[in-house]
Amino acid sequence: MSQPLRDDDSDLMKEVISLCKQRGFVFPSSEIYGGLKSCYDYGPLGVELKRNIMNEWWRAMVHQREDIVGLDASIIMHPRVWEASGHLAGFADPLVDCLISKERFRADNAPRPAVGDALPLSCSDKAQAKAYQAAIAEKYGIELRREGRILHGLKVIDETTVGFFPDGSEEAKTEFPFRGYVSPTLGCPFLSDERMFNLMFRSSLGSIDPLDEMARALDGKALAAAEIRGILEQKMRETAIYLRPETAQAMFVQFANILQAMALKIPFGIAQMGKSFRNEITVEHYTFRSCEFEQMEMEYFVEPGKQKEALEYWKQERLDWYLRYAKEKSKFRLRRHEAQELAHYADDCYDIEYEYPWGWGELEGVASRTDYDLRKHSEHSGVRLTYFDQDAIDPETGKKGRHYFPYVIEPAAGATRTTLMYLLDAFEYDSPRPDAQGREKRRRVLKLHPRLAPYKVAVLPLVKRDGMPEQAREIVQEFFRSGVHAKYDEQHQIGKRYSRHDEVGTPYCLTVDGQTLEDRTVTIRYRDTTEQERIKIDEALHVVKKRLEEA
RNA sequence: GCGGGUGUAGCUUAGUGGUAAAGCCCCAGCCUUCCAAGCUGGUCACGAGGGUUCGAUUCCCUCCACCCGCUCCA
């Protein structure tokens, strides 16, 4: 029986991060220069794992069905793509810091008290209330009345003014500018300026440095900061391009080409995997949230009205896909978005979530995107991005033949997240058991699904003599030729080699021993049970392939 | 970005105002015929930059990175 790591999962992340670095799965990016925030590199084993995961996705989404085709679009697209999609405007969130409590929040989601409302500041406890009371007195010269953990005295006068009303007073003693909202936790109107955090990476296309243009535009002018910003923004825009914040848009932008080239009939899908980039406000949890990440997205186009059943289908299909390779099935769930949680383009959405060591977090969003994207791109480009269905009845004319914007169901998965998730899922310490010397040892093993494992098979001479290495090399060559990723290993004693392969998740070990030289048989050892069987050399490749196929 | 914590070898840890110890790993050799054995030898570290000091890994400052919250969402 396996047991969870220690008492809880709190050290699981540490263990996995450490293993990843030790055994070549994931390294901090640019580490010799001190690392770079949230950037990680996939090492020799990590790249295999991530690739295997992405290949499995591609296989399930594209190769194993007839209604989905692939795309590999340029990461840099026309800037107008992002105007049309709403990312240029909508992807910039106005963020504000509360000057008293220091909490950071989105201005558009903050509570908006009405004119005439009192603004009690609710602190977490008495001590905090006292501290905030003092801070406000010092900064703004007003003495709020404290009642337990609440501070009283502020009131909204009109849309742009709050006042300090000492006890019993009808007249505001002091007035302050009011933004129309307060900080969510404290309820405080003393706020920093709104700052836009554009989540897209901006660069410029073209070999001419836009800085020269900017310098010329500003030369000799005495301007205020806002005016300078306006000019710079203008000059920047002329050559600005953006790194895509999602792979999805290319599939809408290429909708007409793909439809035409492939003669597709609705319902059909377009799938794409690749890098995306977002200037996250905060990065966290190792590779879980980073500015550069990899996605596996598919846009599934359906007739308007059929989106609900397609959503039902895809949310289940995608959950099943994760479960197919997972060890702990109970750590997955579907969670439907609340109405106010939905993005502006969505009419419904499910998240596929995994219970990470820090709690439930998203792996994939399966969103019902309506016809928003195709409609927008059609408006902005002037190109008709509708589908003509000759059998459908046009609801307006009642006749056969209908042009419409297809509705879209989008399963959007995080490939980097999925990679982290399967590492966490596979990581395990076996129960302690005595080793050959009778000492208690716990086996550290990555119980990755065989098709995800970096090495499929290790080929090992039992000892480094008597022709065993030669025989083993012959066997491993056969695997190389057939494209099954194999590893020849002759260092250290056999037990150590087994456990090293357990640690990186190699599901099968083939061992050449004395008997091999007599009857051309080898032992095959299974990672999860450590049990062994004897098989013929000539069957080894077939046996491994079959196991991989059936796993 | 703000608040709190952390930073010594590939990994896990010890330690000191006089340039550092161990276990595991790794490398070479001996030994070894199935689950991290043993023996011998070896490589490798005080996150970066300033300051205080005769002297800093240790004290101070700044930066960088990581972890935990606020926020985000693939």
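Computation of the quantities below employed the complete heavy-atom set of this structure, encompassing side-chain atoms and omitting hydrogens, waters and symmetry-equivalent molecules. The chains referred to below are lettered A, B, ... by the order of the sequence lines, with proteins before strands, and numbering in each begins at 1.
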Peer 1: If you check the Leu462(A) side chain, which of U33(B), C67(B), C70(B) turns out closest?
Peer 2: U33(B)
Peer 1: Hey, does the side chain of Glu297(A) reach the backbone of Ala248(A) with a donor-acceptor pair shorter than 3.5 angstrom?
Peer 2: yes
Peer 1: Would you mind pulling out the nucleotide paired to G3(B), Watson-Crick or G-U wobble, both distances under 3.5 Å?
Peer 2: C68(B)
Peer 1: Given the side-chain rings of Tyr140(A) and Phe176(A), with only the six-membered ring counted for Trp, is the space between their centroids under 6.0 Å?
Peer 2: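 Aromatic pair counts; centres sit under 6.0 Å.
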Peer 1: With distance as the sole criterion, do the side chain of Arg525(A) and the base of C35(B) form a donor-acceptor contact below 3.5 Å?
Peer 2: yes
Peer 1: Just by modelled atom types, is the Ile535(A) backbone N or O under 3.5 Å from a matching donor or acceptor in the Thr521(A) side chain?
Peer 2: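 Not a single qualifying donor-acceptor pair exists.
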Peer 1: So Glu280(A), base contact, sugar-phosphate only, or nothing? Heavy-atom distance under 4.0 Å.
Peer 2: base
Peer 1: Checking only heavy atoms, does the side chain of Tyr286(A) share a donor-acceptor pair with the base of C67(B) at less than 3.5 Å?
Peer 2: no
Peer 1: Please determine if Asp348(A) and Arg336(A) form a salt bridge, counting it only when a charged side-chain N lies under 4.0 Å from a carboxylate O.
Peer 2: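 Yes, Asp348(A) and Arg336(A) are salt-bridged.
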Peer 1: For the side chain of Thr511(A), counting heavy atoms from C-beta on, which of U33(B), C34(B), A74(B) is nearest?
Peer 2: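 Between U33(B), C34(B), A74(B), the one nearest the side chain of Thr511(A) would be C34(B).
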Peer 1: Quick one: list whatever passes ring pair (Phe, Tyr, Trp, His ring centres under 6.0 Å) with His285(A), sequence neighbours left out.
Peer 2: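 Once residues adjacent in sequence are excluded, the partners of His285(A) under the ring pair (Phe, Tyr, Trp, His ring centres under 6.0 Å) criterion are Trp358(A).
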Peer 1: Is Thr523(A) touching bases, backbone alone, or none of the nucleic acid, heavy atoms closer than 4.0 Å?
Peer 2: base
Peer 1: Quick check, does Phe293(A) stack with A74(B)? I mean ring centres under 5.5 Å and planes off by under 30°.
Peer 2: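 Yes; centroid distance and tilt both under limits.
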Peer 1: If you only use heavy atoms from C-beta on, which nucleotide in C72(B), C34(B), A74(B) is closest to the side chain of Glu284(A)?
Peer 2: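 The answer is C72(B).
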Peer 1: Kindly point out which of C34(B), A65(B), A74(B) is positioned nearest to the side chain of Arg417(A)?
Peer 2: A74(B)
Peer 1: Check every atom of C67(B), A28(B), C34(B) against the side chain of Gln532(A) and return the nucleotide holding the closest atom.
Peer 2: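 Of all the options, the side chain of Gln532(A) is nearest to C34(B).
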Peer 1: Give the B/S/- string for nucleotides 45-50 of chain B, one per nucleotide from 5' to 3', where a protein heavy atom under 4.0 Å of the base yields B, of only the sugar-phosphate yields S, and otherwise -.
Peer 2: ------
Peer 1: I want to check one thing: is the phosphate of U32(B), taken as OP1 and OP2, less than 4.0 Å away from some side-chain N or O of Gln493(A)?
Peer 2: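 For Gln493(A), the contact criterion (side-chain N or O under 4.0 Å from OP1 or OP2 of U32(B)) is not met.
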Peer 1: Could you please spell out the steps behind the side chain to side chain donor-acceptor pair (under 3.5 Å) verdict for Glu56(A) and Asn52(A)?
Peer 2: CA-CA 6 Å; Glu56(A) 287 298 314; Asn52(A) 291 341; over 6 Å; no
Peer 1: Any luck finding a side-chain donor-acceptor pair between Tyr33(A) and Glu31(A) under 3.5 Å?
Peer 2: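 The answer is no; no qualifying pair exists.
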Peer 1: Could you list, one pair per line, each protein nitrogen or oxygen that sits under 3.5 Å from a nitrogen or oxygen of nucleotides 8-11 of chain B, together with the distance?
Peer 2:
unit_1: G10(B); atom_1: O3'; unit_2: Lys21(A); atom_2: NZ; d: 3.4
unit_1: C11(B); atom_1: OP1; unit_2: Lys21(A); atom_2: NZ; d: 2.8
unit_1: C11(B); atom_1: O3'; unit_2: Ser18(A); atom_2: OG; d: 3.1
unit_1: C11(B); atom_1: O2'; unit_2: Ser18(A); atom_2: OG; d: 3.2
unit_1: C11(B); atom_1: O2'; unit_2: Gln22(A); atom_2: NE2; d: 3.1

Peer 1: Take Asp489(A) and His501(A) through the side chain to side chain donor-acceptor pair (under 3.5 Å) test and state the conclusion after the steps.
Peer 2: CA-CA 10 Å; Asp489(A) 214 339; His501(A) 276 285; 3.3 Å; yes
Peer 1: Let's see if you can work this out: which of C25(B), U33(B), C67(B) has an atom nearest to the side-chain heavy atoms of Asp466(A)?
Peer 2: U33(B)
Peer 1: Are Glu364(A) and Asp351(A) close enough that some pair of their side-chain heavy atoms sits under 4.5 Å apart?
Peer 2: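 Result no, sub-4.5 Å side-chain heavy-atom pair not found.
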Peer 1: Using a 4.0 Å heavy-atom cut-off, does Gly514(A) contact any base of the nucleic acid, only the sugar-phosphate backbone, or nothing at all?
Peer 2: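 Here Gly514(A) touches the bases of the nucleic acid.
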